[in-house]
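Working notes for the structure below.
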Amino acid sequence: MTINVDAAEMRRINLATVLGVIRGKRTTSRIDISQITGLNKATVSYLVDELIQEQLVQEIGYGSSSGGRKPVLLKFNANAAYAIGIDIQITHMTTVVSNTRGEVLYRQTKPLALDGRTSLYQERLVDLILVEVAAAMKATPPSPHGLAGIGVALPGIVNFSAGTVYYLPNASVSDWNLQAALGQHFEVPVFIDNDANCGAWCEFQHRNSRVQNLVHINAGVGVGAGVIVNGQLYRGKDGLAGEFGHMTIAALGRECSCGNYGCWEEYASERSLLRYIRESGGEKPGTASEWSIVEQILYEAQHDNRAYIRAFHTLGEYLGVGIANILNGLNPEQVTIGGMLSRAATFILPEIERVLQHRAILLNKSTSLSIANANAVAIGAAEIVIDQTLFSYPKQGSFDS
Ligand SMILES: [Zn+2]
C-alpha cells in the first residue's frame, strides 16, 4: 500500500514540476522538459498528455530543429483558471481578477471609510469584502478550472498558515481568524497574507528567473517588507518576518506605535512625511479633495512647493538608510518599492540611490532598485492563491529527480 501512495505522490510532484517548467517559459517542448527536469522522455510525454487533457497546457505548432523531427511547442494555458486578489489598506481597497499569469482582467478600487475603533469593525470589513468579491466573481469568465480562490492582503501582522490577523493598524483586532470568517461564505479556498508579502510575490513572479532573492518595500501609512529568499517567500517561524518597519535606525529616536524607539517606520512613512513638512516650515495640505494626502503633497511638489520637495527628499534619505540595512543583511538581486509613497518616485528614488552609495557595502551599492506595479499587492494576493492551489507541490529542486 505504501508503495502505491508514494507512486501517486511522486506522480503529483512530477506533474507539478512539469507544469512549473512549462509555466516558466514562453514556449517549450517535451524534449526540453526532459532535459530540464531529468525525467525520461516517456514519463514527460505521459505527464504532458495529462496536462493537455486538463487544459492546463496547449500545443501551439512546431518549433525549429537542427536535424530530425521538429518538436511540438507547448504553452501554458494562462486562462486555465482565475483568482481574486484584494488589497485592503486603511483608506481604500483594491480588488482584481487575474489569470494564472497575474494578468489583470478586472480591477476596482473603493474608498474604505471604516472606523477601526468600533466593535463592528470586523463584521463590516467582512461585509465589504463579500460585496467586492461578489462583483469580482461576476467579472470572472468561465475557465477549465474555474475560480481557484480568493486572496486577501492586509497591512498588518498576519499568520498566513493559521489564517489569523494578529494586528491591524488603527483597528482593535487580535487573533482574528479572517480566513475562517470569509471561508464560510465561499466554496473556493480563501488565503490571507500580509500586503508586503503579496507585493513581493507579484514582483518576483514578473521578473526573469535570474532574480531569486528580492525585497519588496511597502511604504505608506506604515513601512513593511516582503522577502523572497531562493525563490520562496520568507515568512519566519511565526509568520512575522519582514517587519523591517520596526528595525531601529535611531537608538534614541522617536517613540513608535510598537512601543520601541527609533523605528524605521517613524522616519519613512506618511506620518513622517507630514512631520518633515512641518519641520521645514510648510503647511499640511487641506483635505478638501478626493485625493489622498500623499497625492496632494505630490501634486504641490511637482508644482515647485519647496517645503514639500524638501520633505520628500528627507523621506527618501531615510528610506535609503533602511534599504541599505536590508541590502547589507540580505544581499538580494532586486529591491522594489511600492505603496502610496512610491508614487513620489521622482523625488525619493534619487535620494535613496545617493544614500545607498554611502551606506550599502560592496556590490550591494549596485543592487537593482525599481518602483513596483501600482497594483502589485492585489495581483500578488491573487497569484498566491494560484500558487497554493494549482501549483501546491514541491518546486523543482526540492526533490531528487
Ligand atoms: Zn516600531
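Numbering of ligands and ligand atoms starts at 1, following listing order.
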Given a threshold of 2.8 Å, state how many protein N/O/S atoms are nearer than that to the Zn ion (ligand 1).
4
Return yes if some donor-acceptor pair links the side-chain N/O of Thr100 with the main-chain N/O of Ala78 below 3.5 Å, else return no.
yes
Under 3.5 Å, sequence neighbours excluded: what are the donor-acceptor pairs made by side chains of residues 216-231?
{"residue": "His216", "atom": "ND1", "partner": "Thr336", "partner atom": "OG1", "Å": "2.8"}
{"residue": "His216", "atom": "NE2", "partner": "Asn218", "partner atom": "OD1", "Å": "3.1"}
{"residue": "Asn218", "atom": "ND2", "partner": "Asp195", "partner atom": "OD2", "Å": "3.3"}

Check residues 153-164 and write down every donor-acceptor pair under 3.5 Å in which the side-chain atom is one partner and the other belongs to a residue at least two apart or another chain.
{"residue": "Asn159", "atom": "OD1", "partner": "Ser161", "partner atom": "N", "Å": "3.2"}
{"residue": "Asn159", "atom": "OD1", "partner": "Ser161", "partner atom": "OG", "Å": "3.1"}
{"residue": "Asn159", "atom": "OD1", "partner": "Ala162", "partner atom": "N", "Å": "3.1"}
{"residue": "Asn159", "atom": "ND2", "partner": "Tyr166", "partner atom": "OH", "Å": "3.0"}

Criterion side-chain contact (heavy atoms from CB on, under 4.5 Å) on Val321 and Arg359, from CA distance to verdict
CA-CA 7 Å; Val321 169; Arg359 294 181 184 264; 3.8 Å; yes
I'd like to know if the side chain of Thr367 reaches the main chain of Asn364, judged simply by a donor and an acceptor atom lying under 3.5 Å from each other, with no hydrogens or angles considered.
yes
With a 3.5 Å cut-off and sequence neighbours excluded, list the donor-acceptor pairs that the side chains of residues 343-351 form with protein atoms.
{"residue": "Arg343", "atom": "NH1", "partner": "Glu295", "partner atom": "OE2", "Å": "2.6"}
{"residue": "Glu351", "atom": "OE1", "partner": "Arg354", "partner atom": "NE", "Å": "3.3"}
{"residue": "Glu351", "atom": "OE1", "partner": "Arg354", "partner atom": "NH2", "Å": "2.8"}

